[in-house]
Every structure is written in structure tokens, then in C-alpha cells.
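This report refers to the structure that appears directly beneath it.
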Protein chains: 2
Amino acid sequence: MGTRRGIPEATVARLPVYHRVLTSLNEVGVATVSSEELANASGVSSAKLRKDLSHLGSYGTRGVGYDVEFLVYQIARELGLTQDWPVVIVGVGNLGRALANYGGFASRGFRIVGLLDADPNLVGKDVAIAPGLRVRHLDELERVVREAEPAIAVIATPAEAAQSVCDRVVAAGMTSILNFAPVVLGVPDRVEVRKVDLATELQILAFHEQRRTRDDDLVVSAGGAL
Amino acid sequence: MGTRRGIPEATVARLPVYHRVLTSLNEVGVATVSSEELANASGVSSAKLRKDLSHLGSYGTRGVGYDVEFLVYQIARELGLTQDWPVVIVGVGNLGRALANYGGFASRGFRIVGLLDADPNLVGKDVAIAPGLRVRHLDELERVVREAEPAIAVIATPAEAAQSVCDRVVAAGMTSILNFAPVVLGVPDRVEVRKVDLATELQILAFHEQRRTRDDDLVVSAGGAL
DNA sequence: CGGTGTGAATTCATTCACAGCG
DNA sequence: CGCTGTGAATGAATTCACACCG
């Protein structure tokens, strides 16, 4: 039976993908999927998918597969998507704006309750699709946190500002941070930080691209020598 | 001695962080760091850092530490940052624009050679800081690839367009893709895809936030019962 | 029969702890 | 003496392979 306690971190990181794929399937009217099908659509092996789902419980039917609608709900519940998550975004440059207008948030329980920036020229602007959500000055951070009680902050400021914004966010009592600034944030143990780093991702691709090229050369050389 | 062949994937993913931290230290004039210091600044344990660096070679000095400038160069070389990486960005919405204007790219050898979009209203616009880089129509993709020979494509389109853009990118001969669209891209084995998914990251945070809250409740209940 | 769920085997990553070098 | 580099120990994630159930 599903272990209930302690879902492995690697599994948690894949649940959002399964959730999205299942949601699509559901919208198209698919009622049932096998682990093989769902795995293919999610870009993982079927063994991995079954092991992942087994951590949530025995939600499949042997010889048949998984009920799409039921599974969507179970994953959503496990991830906490069935509740409302107020979020503040600090830093309203191109990236912050892109985030503010990203539809994927609202549909999954994430509700932007604050768009904050230190630049007076941006304050008061209406940059988001969200109804009447204007940019407020960074100094209103504490007020926003008191009023809307967001647990999650998104930091989309320039690198130089990130740590001090982070400190204020933590001081205001928030406990989860999604950091887009290219710096390693220092936080107390109780605060969870995840980072998304565009340059890092490109560098990892470059590494593999380089390795590929080098290896091709080796193969060619070796081939020539034979 | 450093194994030379096959640096572990987990290590590769951390090298960009070390590289950035070391670059900062170098700019501030620090000549030497210990594994302890560099590890702290990078948010990892010193044992992990030493093991990571050991895969590149024996670049430290016992009793002293690492020469900052030398190590920056070694990591850069390993990651392929010492060469020029032409990159195309497909999709020039807020996110694509944020990427186009992100300074961290140029400074690490990534050079944007194409900004492409299917929207005629965007074509011809000058959205990037980059000198004279105007948005071109998606149909020019093949031409851009032929002329500038980029290996890496960044996909920042809406979800609906991502797979067809991906297919064209692959058909044009590119082999590395950084995908920001919230879909699982299907590609041939030879093509490497990395994805950055904003909604996924928030969902992982929400999961932990929810767990934290649940556990707190348990602690409180248990405490009350004693 | 077909496909899930899962122990067992394997591979990959992290941590420990210390020998040995500068 | 201090700090690197690394085998050995531990832990986490993936893959295998098949018992078992609908």
C-alpha cells in the first residue's frame, strides 16, 4: 500500500507534470490511462511513474489503469492545489510582468495578492491582467503580508537587490521563496527557497553540447585511425 | 586525481553556481578560497564542494585552498563558457523579452542571434538591449539557423505553440532546447531538452508549505494531548 | 490476460572521516 | 598544522522483474 509518510523529493518534483498531463487528458474527455500512456505523455518511464503514484496510495486498477479524474484530484490534494495560495511578486520588470500574467498560476490556486517594486516610476501601474492589481511600493510589503497573509514570495528583482528583499520577506514572516535572481540567498533554516536560474540552465545545455561535439570528434578520429 | 571522464550530472548542475560565486569573489579581489568558504557562499556542504571539484582535477593546494582566478577559468572551460554560443529565442512575449534583456547571458558566451515570433505586430520591433536585434518572423527560423548556426534554442511561446515550434527547431538541426512553455516536449533522442517551469516550482513550494502546516498541527495536537 | 504495485537489485549522490601533502 | 582529495559508508532514486489482482 502507499506509504503515506514522506513522499520522496524526486517524486514531488514530478507530480506537477503528471497533474498537468492528466488535466489535459481530462479536458479532452479521456477517462482512463495506463501507466505506460501517462508515462509517455509525461516523459518518464512507466516503472518510475508507477513507483511515484504508489507513494500516494493504490489508486489504479489492475488490468485497467488509472481513473483520470480521480487521479487528478488525488495529486492536486497531495500538492496542496485544492487550497488557496496567496503569493506576492517582488520585482516588476519584464520577468515579474511575465509571471504576473502567466495564466498557469491562477488555475492552480495561486493568487497574486501583491506586485511590489522599489522603482517609483512603476508604482501605480496596472501591469497585470489580474483585476485591478496595481504595482505598490516595496515599502508596503509588510502591510501586504499582514493583510493577505501570503506564505510564498516570488523574487524577480535584479541580483543586487535580491538579498535585502529576501531579508525583508523573511522578517515579514513568509516561509517559502521562489528566487529568480542569480544569487544564492541566505535564509534561516525554517525558510524554504527554490531557485530558477536561466543562465545556469543554459550553461548545463552548453556543457552537454560541448561534450557531444568533443565525443563526435573522438569518434571521427578513432574511425579515421581504423 | 580527477577522473576526467564523465562528470556526474549533479555536479554539472552545481558548477554554474560555483562559477558565479567565484567570479564575484574575483571581482572583489579575493585571490584564494577554502572549500569551506566557497561552499558556504554557494549554499552547499564543503564535502560536496570538494568532491565536485575533484571531478575536474586537483586544482587546490592543501593547507591553503583554491586559487580563485585559476578555478574560475577551469570551471568555465569545463562548462564550455570559453566559447561562443549563438542562441535563438522563439516567442517574444514578456518572458522572451525578459530573457533577451538578461545580462547574465552575454557575459557567459551566450549571444542572441535571433528573436523570433509568429505575431506580425511584434515583427520588426526592437525589444532587446542588444544592438539592432529586431524581432523577426518565425518563418525566418530556418534562415537564421543556416546563417548563425546556433545550437541552442530557447522556447518561450505559449503552450499551444511550443511543440510545433520545437519540431521546426529540431528539423532545422538544433540539438539543445531550453523550454519555458508548460508542456512536455517530444524530441528525438539526440536532442537535449531542459525545462523551466514556473508553475511546477510554485507547486513544489506549496507542497512543502502544506506539509509544514500539517506537521505543525500534529505537533500542536500531540503537545495538547500530553 | 493486461497492467498495477512492489520487493530486490542496481545505479547514482551525498556524507563521513582521515591519510597525506604543501 | 590546515585543508585538500578521496576511499569507504551511507542514503536516495531508478530500474528490474514478477507476483497478484480485477
Side-chain angles (χ1 to χ4, degrees), chain A residues 1-18 22 25 30-68 70-72 74-75 78 204 207-208 211, chain B residues 1-18 21-22 25 30-68 70-72 74-75 78 189 204 207-208 211:
Chain A
M1 68 280 319
T3 319
R4 223 74 280 299
R5 261 297 60 72
I7 297 176
E9 194 53 36
T11 296
V12 172
R14 284 186 294 266
L15 289 179
V17 177
Y18 305 151
L22 285 164
L25 290 175
V30 177
T32 301
V33 271
S34 67
S35 63
E36 188 70 31
E37 295 164 333
L38 181 51
N40 284 341
S42 306
V44 301
S45 72
S46 66
K48 196 186 269 186
L49 178 117
R50 287 202 301 282
K51 177 80 64 177
D52 281 344
L53 294 186
S54 78
H55 290 110
L56 311 189
S58 281
Y59 295 150
T61 308
R62 290 166 198 241
V64 179
Y66 301 89
D67 182 276
V68 173
F70 182 67
L71 193 51
V72 166
Q74 291 302 333
I75 294 177
E78 198 62 54
I204 296 171
F207 171 84
H208 291 298
R211 190 169 48 80
Chain B
M1 69 271 327
T3 320
R4 224 73 282 298
R5 261 295 64 70
I7 298 177
E9 194 52 38
T11 295
V12 173
R14 284 186 293 264
L15 290 179
V17 177
Y18 304 151
V21 170
L22 285 164
L25 289 176
V30 177
T32 301
V33 270
S34 66
S35 64
E36 188 70 30
E37 295 164 333
L38 181 50
N40 284 340
S42 305
V44 302
S45 72
S46 66
K48 196 186 271 184
L49 179 115
R50 286 202 303 279
K51 176 77 72 176
D52 282 344
L53 294 186
S54 78
H55 290 110
L56 310 190
S58 281
Y59 295 150
T61 308
R62 291 168 198 241
V64 179
Y66 302 88
D67 182 277
V68 173
F70 182 67
L71 193 51
V72 165
Q74 291 302 333
I75 294 178
E78 198 62 55
D189 285 347
I204 296 171
F207 172 83
H208 290 299
R211 191 168 48 79

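Proteins get letters first, then strands, A, B, ... in listed order; numbering begins at 1 in each. Just so we're clear, the structure is a prediction, and the values are computed from it rather than from any experiment.
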Q. Looking at NE2 of A:H55 and CD of A:E78, how far apart are the two atoms once the value is rounded to the nearest 0.5 Å?
A. 11.0 Å
(Q) To the nearest 0.5 Å, what is the distance between CG on A:L15 and CZ on B:F207? (A) 7.5 Å
Q) Rounded to the nearest 0.5 Å, how far apart are OG of A:S34 and CZ of A:R50? A) 9.5 Å
Q. Got a second to check how far A:Y18's OH is from A:T11's OG1, nearest 0.5 Å?
A. 7.0 Å
Q: Nearest whole angstrom, please: distance from the C1' of C:dG5 to the CG of A:L38.
A: 15 Å
Q) Between B:S35 and D:dT4, does any side-chain N or O lie under 4.0 Å from OP1 or OP2? A) yes
Under 3.5 Å, which N/O atoms of the protein pair with N/O atoms of nucleotides 20-22 of chain D?
| unit_1 | atom_1 | unit_2 | atom_2 | d |
| --- | --- | --- | --- | --- |
| D:dC20 | O2 | A:R62 | NH1 | 3.2 |

Q. Is the distance from OP1 or OP2 of C:dG22 to the nearest side-chain N or O of B:Y66 less than 4.0 Å?
A. no
Q) Can you tell me how far OH of A:Y59 sits from OG of A:S54, rounded to the nearest 0.5 angstrom? A) 11.5 Å
Q) For the atom pair OG (A:S45) and CD (A:E36), what is the distance rounded to the nearest 0.5 Å? A) 9.0 Å
Q. Does the side chain of A:L38 reach to within under 4.5 Å of the side chain of A:L71, using non-hydrogen atoms?
A. yes
Using nucleotides 13-16 of chain C, report all nitrogen or oxygen pairs with the protein that are shorter than 3.5 Å.
| unit_1 | atom_1 | unit_2 | atom_2 | d |
| --- | --- | --- | --- | --- |
| C:dT14 | OP1 | B:R14 | NH1 | 2.9 |
| C:dT14 | OP2 | B:R14 | NH1 | 3.4 |
| C:dT14 | OP2 | B:R14 | NH2 | 2.8 |

(Q) If I take atom CG in residue B:L71 and atom P in nucleotide D:dC3, what distance separates them, rounded to the nearest angstrom? (A) 17 Å
Q: Considering just the side-chain nitrogens and oxygens of A:Y59, establish if one lies under 4.0 Å of OP1 or OP2 belonging to C:dG3.
A: no
Q: Return the value, rounded to whole Å, for the distance between atom CG of B:L49 and atom P of D:dC3.
A: 14 Å
Q. What's the NE2-P distance between A:H55 and C:dT4, to the nearest Å?
A. 17 Å
Q | Nearest-Å distance for atom pair CG/P, residues B:L53 and D:dG5 | A | 8 Å
Q: Identify the two heavy atoms, one from A:I75 and one from A:L53, that lie closest to each other, and give their separation to 0.1 Å.
A: CD1-CD2, 4.3 Å
Q. So which heavy atom on A:P16 is nearest to which on B:I204, and how close?
A. CG-CG1, 4.5 Å
Q) Atom CD of A:E36 to atom P of C:dT4: distance rounded to whole Å? A) 9 Å
